[in-house]
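Note that the structure is predicted; figures quoted are calculated from it, not measured.
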Amino acid sequence: MEGKYFGWLCEDEASGNHMSWYDAKMESFVHTVLWRRLDQPGYDACRIAATSQGWTIEGAAVFAQNGTAAHLAYRLFCDATWRSRGASVSGWVGHMSLDLTLERAGTDDWRVNGEIDPNMTGLDDIDLGFTPASNTNAIRRLDLSEGTGADCVAVWLDTEDWSVKRLPQSYHRTGPRTYAYVSPQHDYRATLVTDAFGAITDYPDLWTMCRT
C-alpha cells in the first residue's frame, strides 16, 4: 500500500485542526480529526489508531436529528487490509437510547446485536450513517489507483429508523485526494476530498473538516 496510496509518512498538515504521527512501531500510529456537520448543527471528534490486529476508528458525534439532540459514541474495527471486522454504537437520539453491535461471524456472515443477519452476508465494509469516519475504511480498503473505481455494498446504519441495512455505493478515484462518490439509494453524487491519510476533509452538503 505504501506509495500506491498515501504511505505512512503523512505530511505536515498544520493548516488543519488534526494531527498524525508514528514511530518505528506501526501500533503507535494515531490520526485525529474534528468534523463540523453542514446540514444540521453538530460535530464529530474521531481518532484512528493502528493496532496489533489492524485499525480502530473511534469517536463521538453530537448533532441535531429531526429537531432533537443526539449523542453517539462509536468504535469500528478493521483488519490490516481495512476489511471491517465489527463496530459498536452507543448513546441516545432524543428520548431513544441506542446500543448496537456489529460482529463479523466467520468469513462472510454478520451478527447484528448477536443475531446472524443473512442480508449482510459477504459484505466487507461498515458504514455508520451519522459519521464521515466510516468512509475512510472503505477508501483505504479499496486502495484505488487514480482513474479507477469500484462498486461496493456496506453494512449500513440507517439514521432514518436506526436499523441496519445494505447500502450500495461506488467510489471512483479522480485525483490524489478526490473521489467521485455515488449513493444510488439516496440519489447522492459528490466529489469527496480526503487528507493525506484518507480521512474526509470535504463531504459536500454534509460534513467539513474543521480548520480553525
Side-chain angles (χ1 to χ4, degrees), residues 32-33 35 37 39-40 42-142 151-171 181 183-186 188 198-200 203 206-207:
T32 61
V33 182
W35 290 288
R37 192 161 170 171
D39 61 327
Q40 300 270 10
Y43 286 90
D44 185 339
C46 174
R47 179 180 185 268
I48 304 172
T51 72
S52 60
Q53 295 182 320
W55 297 90
T56 298
I57 301 173
E58 60 184 336
V62 291
F63 54 94
Q65 176 79 12
N66 298 326
T68 191
H71 176 281
L72 296 173
Y74 59 89
R75 299 189 77 190
L76 196 161
F77 307 97
C78 300
D79 66 17
T81 68
W82 289 92
R83 188 169 182 247
S84 296
R85 296 189 297 112
S88 64
V89 178
S90 62
W92 46 268
V93 181
H95 296 292
M96 181 192 76
S97 295
L98 180 66
D99 286 289
L100 171 70
T101 59
L102 303 171
E103 300 171 278
R104 186 176 291 281
T107 302
D108 292 321
D109 290 330
W110 285 93
R111 289 191 180 94
V112 179
N113 286 337
E115 300 291 331
I116 293 288
D117 187 339
N119 294 319
M120 304 300 129
T121 299
L123 305 188
D124 289 321
D125 303 312
I126 291 174
D127 188 318
L128 302 176
F130 61 88
T131 172
S134 52
N135 289 92
T136 294
N137 47 299
I139 287 171
R140 293 300 302 259
R141 181 187 66 79
L142 291 171
D151 298 327
C152 53
V153 182
V155 179
W156 172 54
L157 177 59
D158 184 352
T159 60
E160 289 299 315
D161 59 9
W162 300 101
S163 65
V164 176
K165 303 174 183 176
R166 297 170 63 94
L167 180 67
Q169 49 193 343
S170 67
Y171 293 86
Y181 172 76
S183 175
Q185 183 167 323
H186 300 100
Y188 180 83
I200 299 296
Y203 201 135
L206 294 175
W207 292 94

Above 12 or not: heavy atoms from other molecules or residues under 6.0 Å from OH of Y43?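 No.
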Would Y181 and I139 satisfy side-chain contact (heavy atoms from CB on, under 4.5 Å), going step by step from the backbone distance to the final call? CA-CA 10 Å; Y181 172 76; I139 287 171; over 6 Å; no
Which class fits the ring pair F130 and W162: parallel under 30°, tilted 30 to 60°, perpendicular over 60°?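 Tilted, since the angle between the ring planes falls between 30° and 60°.
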Close side-chain approach of D151 to P168, heavy-atom, < 4.5 Å: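 Answer no - side chains too far apart.
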M120 side chain near L102 side chain, heavy-atom distance below 4.5 Å: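 Of all side-chain heavy-atom pairs linking L102 with M120, none is under 4.5 Å.
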Mind checking the [atom1]-[atom2] spacing from [X] to [Y]? Nearest 0.5 Å is all I need.
X    : Y    : atom1 : atom2 : answer
I57  : Y74  : CD1   : OH    : 8.0 Å
L167 : L157 : CG    : CG    : 11.0 Å
R37  : Y203 : CZ    : OH    : 11.0 Å
E103 : I126 : CD    : CD1   : 10.0 Å
L100 : S163 : CG    : OG    : 10.0 Å

Determine whether L76 and S84 satisfy the following criterion, side-chain contact (heavy atoms from CB on, under 4.5 Å), listing intermediate values before the conclusion. CA-CA 7 Å; L76 196 161; S84 296; 4.0 Å; yes
The criterion is ring pair (Phe, Tyr, Trp, His ring centres under 6.0 Å); which residues satisfy it with [X], sequence neighbours excluded?
X    : result
H95  : none
F63  : none
W156 : H186

Tell me every residue that passes side chain to side chain contact (heavy atoms under 4.5 Å, CB included) with [X], counting only those two or more places apart in sequence or in another chain.
X    : answer
A64  : Q40, P41
S90  : A73, D99
A105 : D109, R111, I116
D79  : T81, R83, R85

Sequence neighbours left out, what passes salt bridge (charged side-chain N to carboxylate O under 4.0 Å, His left out) with R104? Give chain and number order.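 Checked R104 against salt bridge (charged side-chain N to carboxylate O under 4.0 Å, His left out); zero matches.
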Could you give all pairs that pass the salt bridge (Lys or Arg N to Asp or Glu O under 4.0 Å) test and reach [range], with sequence neighbours left out?
range            : result
residues 42-53   : R47-E58
residues 152-171 : D158-K165, D161-K165
residues 60-70   : none

Could you tell me whether the side chain of [X] and the main chain of [Y] form a donor-acceptor pair under 3.5 Å?
X    : Y    : answer
T136 : G198 : yes
S134 : L128 : yes
T121 : P118 : yes
W35  : P132 : no

Take D124 and C152, measure what side-chain contact (heavy atoms from CB on, under 4.5 Å) needs, and give me the verdict at the end. CA-CA 8 Å; D124 289 321; C152 53; over 6 Å; no
Side chain to side chain donor-acceptor pair (under 3.5 Å) involving Y171 - partner list, sequence neighbours excluded: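 Y171 satisfies side chain to side chain donor-acceptor pair (under 3.5 Å) with N135 only.
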Do D127 and N137 pass the side-chain contact (heavy atoms from CB on, under 4.5 Å) test, and can you show the C-alpha distance, the side-chain angles, and the key distance before you say yes or no? CA-CA 9 Å; D127 188 318; N137 47 299; over 6 Å; no
